[in-house]
Colleague: 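Okay, handing you the structure first.
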Amino acid sequence: QVQLVESGGGLVQAGGSLRLSCAASGRTSSLVAMGWFRQVPGKERRFVAAVNWSSGKIYYTDSLKGRFTFSRDRAQNMVFLQMNSLEPEDTAVYYCAADTGINWTRDYDAWGQGTQVTVSS
């Protein structure tokens, strides 16, 4: 009912920057939250940042708060992740996620297919 499409990933050298985008479409009128996660092969998918759609309050993983900046365009149902000072350890597949508010789960129930971010040393 909600579709998420990520873009903006790619290959970048250490110290460089990337800006990820995620566009939500479909039944978006009841959005509760949108956020970003990342996953390295063989490891658990980890939370990066998210926004409460109603209040606009942004939440970050503490370790990334200084380098990554989350933002949103509420009118276009889009969120962004500006990633600066990238390090090889940031290499991962980055996923956009949404709590759609449709299933009353109060949890992320829509996911994008992911966009690869590779940071070379």
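We number each residue from 1, following the sequence as shown. The model shown is predicted, which means the values in this text are computed figures rather than measured ones.
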Colleague: Measure across K43 and Q39 and return the closest heavy-atom pair with its distance rounded to 0.1 Å.
Modeller: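 Scanning both residues, the minimum pair turns out to be O-NE2, 3.1 Å.
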Colleague: Any chance the rings of Y95 and F37 have centres within less than 6.0 Å?
Modeller: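 No, too far apart.
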Colleague: So R106 and D99, do their side chains get closer than 4.5 Å, heavy atoms only?
Modeller: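 In contact.
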Colleague: Quick one: side chain to side chain donor-acceptor pair (under 3.5 Å) partners of R67, sequence neighbours excluded?
Modeller: D90
Colleague: Suppose clustering is done on Ile, Leu, Val, Met, Phe, Trp and Tyr with side-chain heavy atoms closer than 4.5 Å. Which residues sit in the same group as F80?
Modeller: M78
Colleague: CZ of R45 to CZ of R38: how many Å apart, nearest 0.5 Å?
Modeller: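 Taking CZ in R45 and CZ in R38, the distance rounds to 13.0 Å.
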Colleague: Quick one: OG1 on T28 to CG on N77, what's the gap to the nearest 0.5 Å?
Modeller: 3.5 Å
Colleague: Could you walk me through whether S85 and E87 pass the side chain to side chain donor-acceptor pair (under 3.5 Å) test, one step at a time?
Modeller: CA-CA 6 Å; S85 301; E87 304 168 359; over 6 Å; no
Colleague: Can you measure from OG (S121) to CD (E89) and round to the nearest 0.5 angstrom?
Modeller: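 Here the interatomic distance stands at 12.0 Å.
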Colleague: Which residues pass the side chain to side chain donor-acceptor pair (under 3.5 Å) test with Q113, not counting sequence neighbours?
Modeller: none
Colleague: Could you tell me whether a side-chain N or O of S30 sits under 3.5 Å from a main-chain N or O of T100, the two making a donor and an acceptor?
Modeller: yes
Colleague: Can you list every side chain to side chain donor-acceptor pair (under 3.5 Å) pair that touches residues 6-22, not counting sequence neighbours?
Modeller: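 Counting only pairs at least two positions apart or across chains, the side chain to side chain donor-acceptor pair (under 3.5 Å) contacts touching residues 6-22 are S17-N84.
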Colleague: Please find the pair of heavy atoms, one from Y108 and one from A50, that lie closest to each other, and give the distance.
Modeller: OH-CB, 3.2 Å
Colleague: Is a side-chain N or O of T105 found less than 3.5 angstrom from the main chain of D107, in a donor-acceptor match?
Modeller: yes
Colleague: Just by distance, do the side chain of T91 and the backbone of T118 share a donor-acceptor pair under 3.5 Å?
Modeller: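 Absent.
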Colleague: Less than 4.5 Å apart, side chain to side chain, heavy atoms only: is that true for W111 and Q3?
Modeller: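 Answer no - side chains too far apart.
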Colleague: If you link ILVMFWY side chains whenever their heavy atoms are less than 4.5 Å apart, which other residues fall into the same cluster as L64? By chain and number, please.
Modeller: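 Via sub-4.5 Å side-chain contacts, L64 links to V2, L4, V12, L18, L20, L31, M34, W36, V48, V51, W53, I58, Y60, F68, F70, V79, L81, M83, L86, Y94, I102, V117, V119.
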Colleague: What residues, two or more places apart in sequence or in another chain, satisfy side chain to side chain donor-acceptor pair (under 3.5 Å) together with R74?
Modeller: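 For R74 there are no side chain to side chain donor-acceptor pair (under 3.5 Å) partners, ignoring immediate neighbours.
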